[in-house]
Protein chains: 4
Amino acid sequence: MKGTKNKILTIASELFAKHGFHKTSMEDIARASQKAKGSIYYYFKDKEALFYEVVDKELLHLRRELALVVTDPNKNAAEKFKSYLMLRMEILKESPNYRETLNADFHDHFGFVDTLRHALDRWEKEQFKRIINQGVSDGLFIDQGDKADVLLDVFLMILKGLEVSYFIQNKYNQWHPYFDDLIDILEKGLSI
Amino acid sequence: MKGTKNKILTIASELFAKHGFHKTSMEDIARASQKAKGSIYYYFKDKEALFYEVVDKELLHLRRELALVVTDPNKNAAEKFKSYLMLRMEILKESPNYRETLNADFHDHFGFVDTLRHALDRWEKEQFKRIINQGVSDGLFIDQGDKADVLLDVFLMILKGLEVSYFIQNKYNQWHPYFDDLIDILEKGLSI
Amino acid sequence: MKGTKNKILTIASELFAKHGFHKTSMEDIARASQKAKGSIYYYFKDKEALFYEVVDKELLHLRRELALVVTDPNKNAAEKFKSYLMLRMEILKESPNYRETLNADFHDHFGFVDTLRHALDRWEKEQFKRIINQGVSDGLFIDQGDKADVLLDVFLMILKGLEVSYFIQNKYNQWHPYFDDLIDILEKGLSI
Amino acid sequence: MKGTKNKILTIASELFAKHGFHKTSMEDIARASQKAKGSIYYYFKDKEALFYEVVDKELLHLRRELALVVTDPNKNAAEKFKSYLMLRMEILKESPNYRETLNADFHDHFGFVDTLRHALDRWEKEQFKRIINQGVSDGLFIDQGDKADVLLDVFLMILKGLEVSYFIQNKYNQWHPYFDDLIDILEKGLSI
DNA sequence: CATGAATGAGTGTTCATTCAT
DNA sequence: AATGAATGAACACTCATTCAT
C-alpha cells in the first residue's frame with residue numbers, strides 16, 4: 001500500500017521540520033505515524049534514506065513551482081527574474097528539511113543529500129540561463145559574453161547565501177519588507 | 001589553576017573544529033587534554049557552556065583583528081571597507097566553531113549561542129557605521145540619510161549569507177579568485 | 001509444486017553454508033531464491049525446520065556415498081576401513097551445514113538437529129560393525145568379543161573429534177598429508 | 001575499584017557459560033550483576049572484549065593447573081603424560097566459555113579469540129615437549145628424531161578433537177569411564 | 001582542585017514471524 | 001500455491017552528567 005509509506009513520509013517530514021534530523025528519533029516517527037518501527041525500515045533502508053526522500057519531495061515541489069514561472073508566456077525576462085527570486089524564497093521558507101541540509105554539510109554529516117543539492121544547483125543555473133537568454137533576445141538584457149557564466153555563478157552564490165540570513169537565522173519576517181530593495185541592489189550590481 | 005582550564009579550552013576548540021559539536025564527546029576532550037572528565041565539569045557547567053566559551057574566544061579574536069582595520073589611521077574609508085571584508089572572510093575561515101553555529105541544529109536547540117551572534121551583529125554594524133561616517137565626512141561617500149540604516153542591514157545580510165557559500169559549502173577556494181569582483185558588485189549595488 | 005520448495009532448499013543450503021545459520025536471514029534466502037518471504041513459511045514451519053531439511057539432505061548424500069564403500073564387493077575389510085575413513089572426511093568437507101551442527105550453540109539452543117546426528121551415529125556404528133564382521137569372517141581381524149562394542153564407540157568418538165580439528169579449525173589442508181599416518185596410528189592402537 | 005569489574009566478569013562468565021555468547025545480552029549481564037549497562041562499557045570496550053577476558057581467565061586457570069603437573073618432581077614422564085591428559089579434560093569440562101570458542105561461528109565471525117587459542121596451542125606443545133624430553137632422558141621414551149614434531153602435532157590434533165566428543169556433544173559422563181582405555185590406545189598408537 | 005568510577009536513558013537497526021489476500 | 005506488507009521484541013552501544021573521595 002502506498003498509504004503506509006506516504007503516512008510515514010508525511011509525518012517524518014513534519015517531525016524533521018520541527019525538531020531537526022538529529023533530535024527526531026525513529027521511535028518518534030513510528031509513534032507519531034502509528035506504525036511499527038519495523039515498518040519504517042520496510043520502506044526506508046535508513047534514517048538517512050528516509051530523510052533523503054523527505055528532502056527530495058520538498059525539492060520536487062520547489063522545481064515544479066519555479067518551472068511554472070520560467071515558462072510563463074505572460075512574463076518578460078525582467079519580471080520572471082524578480083518572480084523567480086521571490087517565489088524561490090517563499091517556497092524555501094516552507095522547505096525546512098532542505099534548509100537543514102545547507103548547514104551541516106560542513107562536517108559532512110549530511111553528505112548523503114549532496115546528490116540532491118548538486119542536482120538542484122545545476123537545475124537552477126539552467127533556469128537562470130533560460131531567463132537571461134530570453135532577456136537578451138528580447139533586447140532587455142545585454143549579452144555578457146564570456147563573463148556570463150562567472151556572473152551567473154556569483155549571483156547564485158549570493159542567492160544561496162541569502163537563504164541563511166533569511167531562514168536559518170530566522171530573519172525572514174524581519175527582512176521580507178526590504179526584499180524588493182535587495183533585488184534592486186542585486187540587479188543593479190550585476191547589470192553591466 | 002588557569003592552566004587546566006586553558007588546556008581544556010584549547011583542546012576542546014581543536015576537537016570541536018575538527019569533528020563538530022555533536023561528534024565531539026566530553027570523553028574525547030578529557031582524553032585529549034589529559035584531564036579527568038570530572039575536571040571539565042569543574043570549570044564548565046555544561047558541554048554547551050564549554051562550547052560557548054570556545055566560540056567566545058574565536059569571536060574575541062575576530063573583533064580584535066577587525067578593530068585594527070577600522071581604527072587604522074593610514075586607510076581611507078573605501079580602503080577600510082574593502083580590507084574589512086577581506087580580513088573578515090580570512091579570519092572566519094579559521095573560526096570553524098563559530099561557523100558551526102550557523103547550523104539549524106544550533107538555532108533550534110542551542111539558543112545559547114544566539115547571545116554571542118547577536119552581540120557580534122551589533123558590534124559589526126557599529127564598525128560599518130564608523131567607516132561610513134568617516135567616508136561621508138571625508139567626502140568619499142554620500143550621506144544616505146534615513147535609508148542608511150536599512151541599507152546597512154541589507155548589506156550585512158548579504159555579507160553573512162556569503163559565509164555559507166564560502167565556508168560551509170566549502171566553496172572558499174572556488175570563489176576566492178572572484179572575491180574582488182564580488183566586492184565591486186556590492187559596492188556598486190549599494191553606492192547610490 | 002516441488003519446484004518452489006526445492007529451489008528454496010537449494011538456495012538456503014548455499015547461503016547457510018556460506019554465512020552460517022545465524023548470519024543467514026530469511027530475507028536473504030527469500031531474495032536469493034526469488035521467492036516471497038511468506039512462501040518459505042508455506043513450506044517450512046520455521047527457520048529451524050528449513051535448516052533441518054538442509055542438513056538432512058547433506059547427511060542423505062553422505063550415507064549414500066559411504067554405503068557404496070561398505071557394500072563394495074571388490075574391497076576387503078581393511079581396504080573398506082581405510083576407504084571409509086577417507087571418503088567420510090572428503091564428503092564432510094563439503095557438508096558445511098552439518099558441520100555447523102557441531103556447535104555448542106546448536107547443542108544448547110537448537111536441539112532439533114540432535115535427532116539427525118544421533119541417527120547418523122547409529123547408522124555409522126552399524127556400517128563399521130559390518131566391515132569388522134566381514135574382516136573377522138575373512139580372517140583379517142580378530143574377534144574382540146565383549147570389548148568390541150566399546151572399542152567401536154571409542155573409535156567413533158575419536159573419529160568425530162577429528163572432524164573438529166579437520167574442518168572447524170580449518171586444518172584440513174594442513175593435516176591432510178598426514179592422514180594416512182593417522183589412520184595407521186588408529187589401526188595400530190585399536191588392533192589388539 | 002576492582003570490585004565492580006570483577007563482579008561483571010564473574011557474572012558474565014556464568015551467563016555466557018549457561019546460555020552462550022549469542023544468547024547472553026549485555027542487558028542480562030547488567031541486570032544479573034546489578035550494575036548499569038554503561039558500567040560494563042566502562043570496563044570493556046565491547047561485548048567481544050568482555051567475552052575475551054572471560055575466556056582469558058579460564059585459560060589462565062587451565063595453564064596454571066597444568067603447569068603444576070608438568071613440573072611435578074614426584075612424577076615420571078609416563079605419569080605426567082597421563083595426569084596431564086586427565087587433568088586437562090577435567091578442567092576443560094569446567095571451562096565452558098573457552099569451549100564455545102571451538103565453534104565455527106567463532107572462527108568465521110569472532111576471530112578475536114583466535115589469539116588466545118593459538119597461544120594456548122603453542123603453550124601446550126611446549127609442555128608436551130618438556131614431558132617427552134624428560135621421558136627420553138630418563139630412558140622411558142624413545143627419541144623419535146625428525147618425526148617427533150609431526151607426531152606431536154598429530155597427537156595434539158587428536159587431543160583437541162576429543163574435546164568435542166567429550167564436551168560439546170555432552171558425552172563426558174558417557175565416555176569418562178573409558179578414558180583410561182583411550183589413553184592406552186593413544187600411547188600404544190604413538191609409541192613406536 | 002581534581003579525579004574517575006558509575007550511571008541510565010536513549011538510539012538506530014535487525015529479523016523471524018504472521019496474515020489478509 | 002504464493003505473496004509481501006506489517007509487526008514488535010530484542011540488541012549492542014553511546015554519552016552527558018553526577019558524586020564520593
Side-chain angles (χ1 to χ4, degrees), chain A residues 1-5 7-8 21-31 33-50, chain B residues 1-5 8 21-31 34-50, chain C residues 1-5 8 21-31 34-50, chain D residues 1-5 7-8 21-31 33-50:
Chain A
M1 281 288 111
K2 278 286 175 193
T4 298
K5 181 170 183 181
K7 180 151 198 185
I8 293 170
F21 179 83
H22 288 299
K23 293 285 176 184
T24 302
S25 69
M26 295 302 260
E27 180 84 31
D28 294 338
I29 297 170
R31 201 183 305 117
S33 54
Q34 287 170 305
K35 298 290 169 191
K37 235 191 313 189
S39 301
I40 306 181
Y41 284 89
Y42 181 77
Y43 289 104
F44 306 94
K45 178 187 165 292
D46 249 354
K47 193 187 179 185
E48 298 194 353
L50 174 53
Chain B
M1 278 292 104
K2 277 290 176 192
T4 297
K5 181 172 183 179
I8 293 170
F21 179 83
H22 286 299
K23 294 282 177 189
T24 302
S25 69
M26 296 300 261
E27 179 80 32
D28 293 338
I29 298 170
R31 199 183 308 117
Q34 287 170 305
K35 300 290 168 188
K37 240 200 291 199
S39 304
I40 305 181
Y41 284 88
Y42 182 78
Y43 289 105
F44 307 93
K45 174 186 169 293
D46 251 355
K47 193 188 179 184
E48 297 190 359
L50 172 54
Chain C
M1 280 293 106
K2 278 290 176 190
T4 298
K5 181 170 182 181
I8 293 170
F21 180 83
H22 287 299
K23 295 282 176 188
T24 301
S25 70
M26 295 301 260
E27 179 81 31
D28 294 338
I29 297 168
R31 198 183 308 116
Q34 286 169 306
K35 300 291 169 189
K37 240 199 291 198
S39 304
I40 305 181
Y41 283 88
Y42 181 79
Y43 290 104
F44 307 93
K45 176 186 167 292
D46 250 353
K47 192 187 180 186
E48 299 190 356
L50 172 54
Chain D
M1 277 291 113
K2 277 287 175 194
T4 297
K5 181 171 183 181
K7 179 151 198 184
I8 293 170
F21 180 83
H22 287 299
K23 293 284 177 188
T24 302
S25 70
M26 295 303 259
E27 181 83 32
D28 293 339
I29 297 170
R31 199 182 309 115
S33 54
Q34 287 170 306
K35 300 291 168 188
K37 229 190 318 189
S39 302
I40 305 182
Y41 284 90
Y42 182 77
Y43 289 103
F44 306 94
K45 177 187 165 294
D46 249 354
K47 193 186 179 186
E48 298 193 354
L50 172 54

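Chain A is the first sequence line, chain B the second, and so forth, proteins listed ahead of strands; every chain is numbered from 1.
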I40(C) or M26(D): which one's nearest nucleotide on DNA chain F is closer to the 5' end? I40(C)
Looking at the base of dT13(E), is there any donor atom on it, or on the side chain of K37(A), that sits under 3.5 Å from an acceptor on the other one? yes
Nearest-nucleotide 5' precedence on DNA chain F, E27(B) against Q34(A): Q34(A)
I need the minimum non-hydrogen distance between K7(D) and S33(D), along with the two atoms involved. CE-O, 3.7 Å
For the side chain of D46(D), counting heavy atoms from C-beta on, which of dA16(E), dC13(F), dA2(E) is nearest? dC13(F)
Measure across A36(A) and A30(A) and return the closest heavy-atom pair with its distance rounded to 0.1 Å. C-CB, 4.2 Å
Check every atom of dC15(F), dA2(E), dT13(E) against the side chain of S25(B) and return the nucleotide holding the closest atom. dC15(F)
Considering just the side-chain nitrogens and oxygens of Y41(C), establish if one lies under 4.0 Å of OP1 or OP2 belonging to dT17(E). yes
Taking every non-hydrogen atom, the tightest pair across I8(B) and K35(B): CG1-CG, 4.2 Å
Can you see if the side chain of Y43(B) gets near the phosphate of dA2(E) - specifically, an N or O under 4.0 Å from OP1 or OP2? yes
Which residue lies more 5' along DNA chain E, comparing G38(A) with T24(A) via nearest heavy atoms: T24(A)
Examine dA6(F): is either OP1 or OP2 under 4.0 Å from a nitrogen or oxygen in the side chain of T4(A)? Give yes or no. yes
Please tell me if the side chains of F44(C) and K5(C) come closer than 4.5 Å, counting only heavy atoms from C-beta onward. yes
What nucleic acid atoms does S39(B) come within less than 4.0 Å of, heavy atoms only: base, sugar-phosphate, or nothing? base
Which dot-bracket string fits DNA chain F when only Watson-Crick or G-U wobble pairs with both atom distances under 3.5 Å count, crossing pairs get [ ], and | stands for a partner on a different strand? .||||||||||||||||||||
When you get a sec, tell me which of dA2(E), dT7(F), dT7(E) is the closest nucleotide to the side chain of A36(A)? dT7(F)
